[in-house]
Engineer: 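Pasting a structure below so you can have a look.
First listed ligand is number 1; within each ligand, the first listed atom is number 1.
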Amino acid sequence: MSVMEPAVSIKHVTHWIDGKHVASESGRHGRVWNPATGEEQARVDFASEAEVDRAVESAKHAFPGWRATPLSRRAECLFKLRALVDENHEKLATVVAAEHGKTLSDAMGEVARGLENIEFACGIPTLLKGGFSEQASRGVDVYQIRQPLGVVAGITPFNFPVMVPMWMFANAIACGNAFILKPSEKDPSVSLLLAELMQRAGVPDGIFTVVQGDHVAAGRLIAHPDVKAVSFVGSTPVARSIYESAAKLGKRVQALGGAKNHMLVLPDADIAMAADAAVSAGYGSAGERCMAISVVVAVGAVADPLIAAIRQRIAKIKVGPGLEAGSEMGPLITREHRDRVAGYLAKAESEGATIAVDGRDNEACQRSGFFLGPSLVDRVRPGMSCYEDEIFGPVLSVVRAETYQQALHLINENPFGNGTAIFTRDGGAARQFQFDCGAGMVGINVPIPVPMAYYSFGGWKASLFGDLHMYGPEGVQFYTQAKVVTSRWPDPGTSSVDLGFPKAR
Ligand code: NAD
């Protein structure tokens, strides 16, 4: 890939401004680790405020031309981008796996889910169709159009370095905006590969920009008067503070935060299916997914057989480097994060839970990378740290509930409301759960209910700050502002002076 080679022997990850790699002059940088080996593999520039200003200036300059570009031409660029991402599917996934640590097949899945958003945005001529009311009054027509906002920014997390930016930029650019991405500093390289593909697809320079960095770059993007809207995905404390800062400045903002997704298993559930789902959704991507299942709520007698089935499946999971053939679960993103996650196992023991499977004993922990094996904690109760906090690692907690009502209460009392799932064979119970539960995305016998690109993605409560969910129809709404036009063409036969308030006649 074409990240620039620096004077030091490791890779140097730059910004992408005005269609070119731009090395930072801020003197600040971050270290990018190889989570599979524990070694530093790249340095990423951290933008100064002045460098962010330069990026915004370039985007602002490019915006009017792109805004005036016909819809069919914008759609053509997106079709080309779709083809290029498809052609480079494995290349993108390999860059992700190398910096994030996830397995290649998982990274391939991430790119595929991101691609759906580009496919959705290819339909932008239809998506931007407004409404038209002929003869709202005599000789008067009323219609609504949606127009782009201008320069918009996206600040994204480490766990989906391709998919989450695509959630944002596909619609933002299709709607006619200039988009600035501030990727996670933990796995930044793939953002530059995306920038190159955009350029090859014909997206004009300045319409897709990357500024690398930390809170300094993010903070300046939020505060810059020419940045009209901010999309954020990351942890809840940062989401809340970004939402508050942007809203105070009167900006449009959607800030998606963390999660604590519960999977409710009723006594009539298919135990094998529920165990497969809990293991896949609990340990896939080492639990570093905002839609990961982190709590299984086992109702009644289902608990013991379910736990036995989960343990059997855990014993077969192959933990290893994401790019090594046969690996099913990779390392965590950094050493500090791995230690923090492992710390929850020690706390769970001291707080009275039972460690049914201890990932600290997994043989992968002997390797030099940031590994922790899949862990299962039984007899977890509200109040324990592993129940209260978002762990964001391969630790699955089991809470035993006596009734559906008790289980539902746990879900609805939880401060997060990203996703939840129910496993049952009873259609009536599932429908009641869909009616009752306080979460934005619900699975019925489906553990990770990430909506398709033609719906929108978003949680409730502390999992989303703002009104509009991300991507899909709500994404188009977020990146455009409505304008309603009331129009009459001169007709001498109907013209008269009338000082009253205009009303339909
Ligand atoms: P994070 O909050 O640490 O970082 C996210 C982004 O914010 C990064 O680009 C980072 O550089 C930037 N950032 C960090 N601190 C900042 C600050 N003080 N001011 C401004 N910007 C700041 O999150 P992460 O560790 O990269 O990602 C994991 C988190 O993201 C988890 O909590 C996970 O649940 C959440 N997540 C949520 C969703 C969702 O759709 N709700 C999706 C993916 C990830």
Engineer: Below 4.0 Å, non-hydrogen atoms only: which portion of Met470 touches ligand 1? Side chain, backbone, both or neither.
Structural biologist: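 Answer for Met470: neither.
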Engineer: I need the atoms of ligand 1 closer than 4.0 Å to a non-hydrogen atom of Pro183, numbered in the order shown.
Structural biologist: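 Counting atoms of ligand 1 from 1, those under 4.0 Å from Pro183 are 9 (O).
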Engineer: Tell me whether Glu185 has any N or O atom under 3.5 angstrom from an N or O of ligand 1.
Structural biologist: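 It does: an N or O of Glu185 is found under 3.5 Å from an N or O of ligand 1.
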Engineer: Where does Arg289 meet ligand 1, judged by heavy-atom distances below 4.0 Å: at the side chain, the backbone, both, or neither?
Structural biologist: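 For Arg289, there is no contact with ligand 1 at all, from either part.
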Engineer: With distance as the sole criterion, is a donor-acceptor pair present between the side chains of Glu51 and Ser24 under 3.5 Å?
Structural biologist: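 Yes, side-chain donor-acceptor contact under 3.5 Å.
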Engineer: Does atom 4 (O) of ligand 1 have a protein heavy-atom neighbour under 4.0 Å away?
Structural biologist: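 Not a single protein heavy atom is under 4.0 Å away.
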Engineer: Answer yes or no: is there a donor N or O on one side and an acceptor on the other, between the side chain of Asn261 and the main chain of Ser294, under 3.5 Å?
Structural biologist: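 Checking the backbone N and O of Ser294 against the side chain of Asn261, no donor-acceptor pair under 3.5 Å is found.
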Engineer: Please report whether ligand 1 has a polar contact with Asn159, defined as an N or O pair separated by less than 3.5 Å (distance criterion only).
Structural biologist: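 Not met; the criterion fails.
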Engineer: Is Phe416 touching ligand 1 with its side chain, its backbone, both, or neither, if touching means heavy atoms under 4.0 Å apart?
Structural biologist: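 Neither part.
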Engineer: Please, which pairs that meet salt bridge (Lys or Arg N to Asp or Glu O under 4.0 Å) have at least one residue in residues 210-224, sequence neighbours excluded?
Structural biologist: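 Counting only pairs at least two positions apart or across chains, the salt bridge (Lys or Arg N to Asp or Glu O under 4.0 Å) contacts touching residues 210-224 are Arg28-Asp214, Asp53-Arg220.
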Engineer: Charged N to carboxylate O under 4.0 angstrom, Arg252 versus Asp467?
Structural biologist: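 Not counted as a salt bridge, because no side-chain N and carboxylate O are separated by less than 4.0 Å.
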Engineer: Counting only heavy atoms not in Glu25, do more than 12 sit closer than 6.0 Å to its CD atom?
Structural biologist: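 No, the 6.0 Å shell around CD holds no more than 12 heavy atoms from other groups.
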Engineer: Looking at Phe457, which atoms of ligand 1 are within less than 4.0 Å of one of its heavy atoms?
Structural biologist: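 Here the atoms of ligand 1 in question are 39 (C), 40 (O).
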